[in-house]
Structure formats: structure tokens, C-alpha cells
2 protein chains.
Amino acid sequence: MINKKSTEDLSTEEKIKEAARTVFMKKGYSATRTRDIAEEAGINLALLNYYFRSKEKLFEIVMMEKMQKLFGGLVGIVTDNDTTLEKKIELLTIYYIDMLTQNPDLPIFVLSELRNNGEHLIKSLPIGNVLQQSALFKQLQVNRPDINPLHFIINILGSTIFPFVAKPMIQAVGNLNPKDFETMMEERKKLIPRWIRSMLQTK
Amino acid sequence: MINKKSTEDLSTEEKIKEAARTVFMKKGYSATRTRDIAEEAGINLALLNYYFRSKEKLFEIVMMEKMQKLFGGLVGIVTDNDTTLEKKIELLTIYYIDMLTQNPDLPIFVLSELRNNGEHLIKSLPIGNVLQQSALFKQLQVNRPDINPLHFIINILGSTIFPFVAKPMIQAVGNLNPKDFETMMEERKKLIPRWIRSMLQTK
DNA sequence: AATATTTTAAATCAAATGATTAAATTATTT
DNA sequence: AAATAATTTAATCATTTGATTTAAAATATT
């Protein structure tokens, strides 16, 4: 029985999942062959079908994880009723830049697969309602009743996430080696909160 | 001879290219089958190989066009020695939001294919040197000698391009129908230049 | 030792896919 | 009109691909 796994030997199932993460992440769904995953995992091809039913099922698991990773961390920050608006912006900036420095390919993977596989995946994450009723949303509304709070959410996420989405372009345009790029992202941790603050004050 | 096409009957070759644009754009390189393109073009499959040598060759043509479309328009604006910094920011914002409203899938396509196919495509566009020596770059440097001008370039492009990259997420999070989304992008044409201006002034 | 579970190797399917060929059709030139 | 070149088609190839199965081997569990 698949589901009855004794405590230690998740290993094979987990090895396959880990390999799937790696390969899907690198090549995207369509360009990935199940044989690539099996090879990367160092297991027999049949085991992939033994543990997961199909390529698509395995992908959905990985995809859900990645979406969770990309958007899950934001929930705790934006719903906190005890932090100021400025503190939230600071925390969001640092959280995203740190997390994306560790996982630079995450946003382009999620966003591009989202375009293909479509909307049913988005709906499975209840992030819409969470954000709309969050403390951050209300604080933005109080601060700038004249502007849709979503604009500022886009700006915060855009200024942190976009550089990673456009990383190959930016490195080429700026003649940056990977180290330079990281340095710039580190600089942005301090700059972005200041920029957003001044945005909010601009009449 | 392929290249000797009399003035009018580009039609078949152009029909294939147009179909390739449509299908590649929608599904990306890997998920696209040559038969999809042939069907979309209403031509026989063999014609694709007759006019273009392979799927990959055809893709490269389309990809170059799309990169040109995404980044080509910026050159004229940023290299203009007769416009102020503020004017350039305003022109860039309007240009990108208008262009991307017409081609919303352009950025995610280019950026995600760029990740796979890699760097040799970027190098074929001389956009790096152009930008570094541009009037915009110098103006930013004069304005804020303490901050790498690239940061502001990222911010300008990020605040215009990112919403389109993250469009499915944003629409879901904000409960926006396509019309709402367009309206917000329209709002950003006025907001972004103000925001960037205040960014530049923030000490 | 007996039984159940997990893993492997190998073979096989059916469908999809990129590419090619040879012949037919259509246009162009002589 | 005949000859030549360009365009289009249908059929076919050889691989690839996702998936499944079978039978045996290895590893745990009872």
C-alpha cells in the first residue's frame, strides 16, 4: 500500500519528488520527460508510476508546493494586526529578497506555468480573500483612500519579484555576474521600503 | 528558390510565420507541435519544413521578433538627448503600458523562453551597451550619484511590465475582470511617473 | 521460515512528433 | 506550347514519449 509508509523510507517517494522539483523547475512541464525525472532521481522509470499515478499528478504536487512557497510566506506578514504599515513593507521586502535569492527561478517557473495550466490552480490557493481582508490592505486604504491598494501591492511585489523574473536580461544589460546581481538585490532590501514610503506620501 | 519571392505571394510563408507567432506565444516552444502551427496556418505540415528548415529555426525568427518588440521600442526613448529625465520616464511608462495592453502575453513569453534557450539570444540584441551609454543612464547618474542607475531602470520596467507578467495572479487576487485590469493599467500611466519622481527625490 | 512490501530490469503499447520523400499541381519563363 | 521552376500535397519514417505490465529480485515484516 502506497500510503502506509513507515517513518523512515519516505526516501524513494521523496527522491522522486525532489527530482521532479529539480527537473520541472529547470525545464518546465512540457519540456520535462518522465525519463529525465527517473534518471535524476536515480530510480527506475516504473517507480514514478508506482508512487504517483502520472506525470501530471506529480507535477501538480510540485506546482502546489512552489505556489505555496512563492505566496504562502506573505500571508503571515500581511495579516498581522500588530505591525505598522511600514514594518510590513520592510518585512515583505526582506522576506522576498532573501527567499528569492535562495530560489531565483521560482517566480518565472510559477508564473509561466500558471499561464499555461490556467486558473484552476490559482483558485486552489485562497490568497485572494486573505489579501483583500488583510491588515495590510486596510492600512493602505487608510493611508491612501484615493488609490486602489492593489497598486501598492503590485509595486511591493513587483520591485522585489520582477528583478528575479527578468534576471537574465538584467544581468546582460548591466554586465553583472551572479555575485553583482546578489549585491544589488541586497541593496534593494534597504531601498525598496524607502521608495514605497515616499510613494505613499506623494500627492 | 525560397528567397526570391515575388512581391505578392509572401502569403504562404507569412501565413506560417503568423501561425507560429500565435501558437508559440500561446503554448511556448516545448508544448508547441509543428502540426499545431500547420493547422493554425491552414497549410500542409511539410510546408513548414520547406520554408523554414526546422521548428527551431522558425522559433528563433519569432523569438527575435518578440524580443525586438519587447525591448526595441525603449531605445528611441532612452537615447534621446533632448528630453528631460522626467519626460523619459513618462514616455517609457505610456509606451510600455500601451504596448503591453495590446500584447499582454509578450513579457512572460520572452522571459520564460529566455530562461530555457539561454543567453545566446540576449547577446544578439545590443541592448546592454545601448542602455549603459544612454542619456537616461547619465541623467539618472547625475540625479542620484549614490544609487546604481540600474535600480531605477528595474523600477521603471518592473512597475510597468510586472503587472502583465503576474496578470493571472493579480486578476485572481483582486477579483478583476479583464476590463478592470485594463483600467488599473490605465491608472498606472499617471501614477508611475509620479512614483518614480518621488523615489528619485527620497534621500 | 513465511509473507508482504518495495525495487528493478525489460519489454511493450499506443500515440505524438519532427522530419523527409516523391509525386502532383501551379506558376513562370522560354 | 513546351520546358522549367516554384509551390503544395499525401504518405511515410524513425524517434520520442507517457504509460503500463510482467516477472523476478531484493528488502523488510511478521
Side-chain angles (χ1 to χ4, degrees), chain A residues 1-64 109 113 116-118 120-121, chain B residues 1-64 113 116-118 121:
Chain A
M1 201 105 294
I2 292 175
N3 288 334
K4 188 194 173 186
K5 44 200 167 194
S6 66
T7 36
E8 43 191 304
D9 66 341
L10 315 174
S11 45
T12 295
E13 193 178 346
E14 191 51 44
K15 245 191 296 178
I16 296 174
K17 243 198 288 192
E18 185 56 33
R21 289 186 195 104
T22 305
V23 182
F24 278 138
M25 198 72 154
K26 185 171 169 191
K27 324 220 281 185
Y29 177 79
S30 295
T32 295
R33 293 157 299 179
T34 49
R35 285 167 177 80
D36 296 337
I37 299 177
E39 195 184 344
E40 171 80 25
I43 52 96
N44 190 279
L45 174 59
L47 281 182
L48 193 148
N49 278 44
Y50 178 72
Y51 282 104
F52 309 88
R53 213 176 72 74
S54 66
K55 178 190 179 185
E56 204 181 335
K57 284 270 198 305
L58 179 53
F59 175 76
E60 283 220 356
I61 292 172
V62 172
M63 183 64 179
M64 290 300 289
F109 170 79
E113 295 296 338
N116 307 327
N117 292 40
H120 79 284
L121 283 167
Chain B
M1 202 104 293
I2 291 175
N3 287 336
K4 190 197 175 186
K5 44 204 165 191
S6 66
T7 36
E8 41 191 304
D9 65 342
L10 318 173
S11 45
T12 296
E13 192 177 348
E14 191 52 43
K15 248 192 292 177
I16 296 174
K17 242 200 288 193
E18 185 55 33
R21 288 186 196 105
T22 304
V23 183
F24 278 137
M25 198 71 154
K26 185 172 168 190
K27 325 222 277 187
Y29 177 79
S30 294
T32 294
R33 293 157 298 175
T34 48
R35 281 170 176 78
D36 296 337
I37 298 177
E39 194 184 344
E40 171 80 25
I43 53 97
N44 189 277
L45 174 58
L47 282 183
L48 191 149
N49 277 45
Y50 177 75
Y51 283 104
F52 309 89
R53 215 175 70 77
S54 65
K55 178 189 179 185
E56 204 181 335
K57 283 272 198 304
L58 179 53
F59 175 77
E60 284 219 357
I61 293 172
V62 172
M63 182 65 179
M64 290 299 290
E113 296 295 339
N116 308 326
N117 291 40
L121 282 168

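Atom NZ of A:Lys57 is separated from atom P of D:dG18 by 16 Å (rounded to the nearest Å). Between the NZ atom of B:Lys55 and the C1' atom of C:dA19 there is a distance of 12 Å, rounded to whole Å. Distance CG (A:Leu47) to C1' (C:dT6): 8 Å, rounded to an integer number of Å. Nucleotide D:dA10 holds its P atom 6 Å from the CG atom of B:Asn44, rounded to whole Å. One interatomic measurement links the two molecules: CG of A:Leu45 to P of D:dT21, which rounds to 14 Å at whole-angstrom precision. Atoms CD1 (B:Ile16) and P (C:dG18) sit 15 Å apart, rounded to a whole Å. Taking atom CD of residue B:Glu39 and atom P of nucleotide D:dA10, one finds them 14 Å apart after rounding to whole Å. Taking atom OH on B:Tyr51 and atom P on C:dT20, their separation rounds to 17 Å, with Å as the unit.
Near-neighbour residues of DNA chain D inside residues 19-35 of chain A, defined by a heavy atom below 4.0 Å, number-ordered: A:Thr32, A:Arg33, A:Thr34, A:Arg35.
The two residues B:Ile37 and B:Ala19 come nearest to each other via the heavy atoms O-CB, 3.5 Å. When all heavy atoms of B:Lys55 and B:Thr32 are compared, the closest pair comes out as NZ-O, 2.8 Å.
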Practice problem: Please lay out, stage by stage, how A:Asp36 and A:Glu40 fare under the test side chain to side chain contact (heavy atoms under 4.5 Å, CB included). | Solution: CA-CA 6 Å; A:Asp36 296 337; A:Glu40 171 80 25; over 6 Å; no

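Listed pair B:Tyr50 / D:dT8 fails the phosphate criterion, with no side-chain N or O lying under 4.0 Å from OP1 or OP2. In terms of phosphate contacts, A:Asn49 brings a side-chain nitrogen or oxygen within less than 4.0 Å of OP1 or OP2 of D:dT20.
Ring orientation note: the planes of A:Tyr29 and A:Phe24 are close to parallel, at an angle under 30° on the 30°/60° scale.
Remark: B:Asn49 engages no residue in a side-chain hydrogen bond (donor to acceptor under 3.5 Å, both in side chains) (not counting sequence neighbours). Residues satisfying the side-chain hydrogen bond (donor to acceptor under 3.5 Å, both in side chains) criterion with A:Lys57, sequence neighbours excluded, are absent altogether.
Of the candidate nucleotides C:dA9, C:dT21, C:dA19, C:dT21 has the atom nearest to the side chain of B:Ala46.
With salt bridges taken as basic N to acidic carboxylate O contacts below 4.0 Å, one links B:Arg21 and B:Glu18.
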